[in-house]
Every structure is written in structure tokens, then in C-alpha cells.
Student: 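The structure under discussion is supplied below as C-alpha cells; questions concerning it will follow.
In this chain, residues are counted from 1 in sequence order.
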Amino acid sequence: IVGGGGWKSYKSAQLESFDAFISSDMPHHARRDIALYKFNYLDIPHEVEKAFIPFMKEKLLSIDSSLEIITVDHEKMPKVICK
């Protein structure tokens with residue numbers, strides 16, 4: 001699963017014999033290549049990050065609660081963090 005424009009990773013998924021590739025923003029020529037090689041692909045809305053990032057943060061913290069995880073909403077201007 002690659003959120004956003006991670007379409008360039010589909011060839012690696014094919015070479016690794018993954019069952020499917022899930023991403024968004026797939027260009028036309030890449031979709032044609034995937035269809036030619038009969039590779040499973042699911043095109044999801046680019047906005048999937050809105051659901052995935054909070055879920056992933058929760059899962060990572062359940063594994064190690066001492067992690068410092070900073071999430072950035074790409075729709076808003078990020079705050080500059082200086083330490």
C-alpha cells in the first residue's frame with residue numbers, strides 16, 4: 001500500500017511477486033503496463049492519508065508508547081519545529 005503518488009513502486013511489487021499493489025495517482029502509461037502484465041492494482045483516492053496516518057500512529061504507539069511521532073497534514077502549512 002503506497003499512499004499518494006507512490007506509483008513508481010509498482011514494478012518492485014511485481015518483481016517481489018506481491019498479490020496486489022494499492023496506490024493512487026497512477027499515470028496512464030503505468031496503468032497500461034500493469035494491465036499488460038495482468039498485475040492486480042487498486043486505485044484509491046489520494047486522500048487516503050487522512051485515515052491511514054492516524055491509524056498508523058496509533059498502531060506504532062501500541063507497539064512502543066515511548067515513540068515520538070509527528071504527523072503532518074499535507075493540506076495545511078506545517079509548523080516549523082526547532083529544538
Side-chain angles (χ1 to χ4, degrees):
I1 301 172
V2 181
W7 66 270
K8 294 177 183 177
S9 301
Y10 82 92
K11 288 187 179 187
S12 295
Q14 284 177 316
L15 292 173
E16 294 290 329
S17 300
F18 287 12
D19 293 325
F21 183 74
I22 302 171
S23 187
S24 59
D25 296 340
M26 181 73 75
H28 173 77
H29 66 279
R31 290 191 314 267
R32 298 282 301 174
D33 192 37
I34 285 172
L36 176 68
Y37 292 104
K38 297 179 173 42
F39 188 59
N40 297 314
Y41 167 65
L42 180 61
D43 189 3
I44 55 177
H46 185 76
E47 293 77 15
V48 72
E49 291 92 349
K50 292 280 189 192
F52 178 76
I53 290 174
F55 173 78
M56 200 62 215
K57 179 178 180 177
E58 180 183 321
K59 287 297 177 190
L60 290 170
L61 288 172
S62 74
I63 294 168
D64 184 348
S65 62
S66 69
L67 292 173
E68 179 183 1
I69 300 173
I70 300 169
T71 60
V72 176
D73 183 345
H74 69 281
E75 299 288 327
K76 298 177 183 174
M77 276 300 254
K79 294 178 183 176
V80 178
I81 301 170
C82 297
K83 290 188 177 187

Student: List in chain and number order the residues that pass side chain to side chain contact (heavy atoms under 4.5 Å, CB included) with A30, two or more places apart in sequence or in another chain; answer none if no residue qualifies.
Tutor: W7, Y10, M26, P27
Student: Under 3.5 Å, which donor-acceptor pairs link side chains of residues 14-22 to any protein atom two or more places apart or in another chain?
Tutor:
none

Student: Evaluate side chain to side chain contact (heavy atoms under 4.5 Å, CB included) for D33 paired with H29, printing each intermediate quantity in order.
Tutor: CA-CA 6 Å; D33 192 37; H29 66 279; over 6 Å; no
Student: Could you pull out all residues at least two apart from L60 that satisfy side chain to side chain contact (heavy atoms under 4.5 Å, CB included)?
Tutor: M56, L67, I69
Student: In Å, rounded to the nearest 0.5 Å, how long is the span from CD of E58 to CD1 of I63?
Tutor: 11.0 Å
Student: Would you say that L36 contacts R32 through its side chain, given a criterion of any heavy-atom pair below 4.5 Å between the two side chains?
Tutor: no
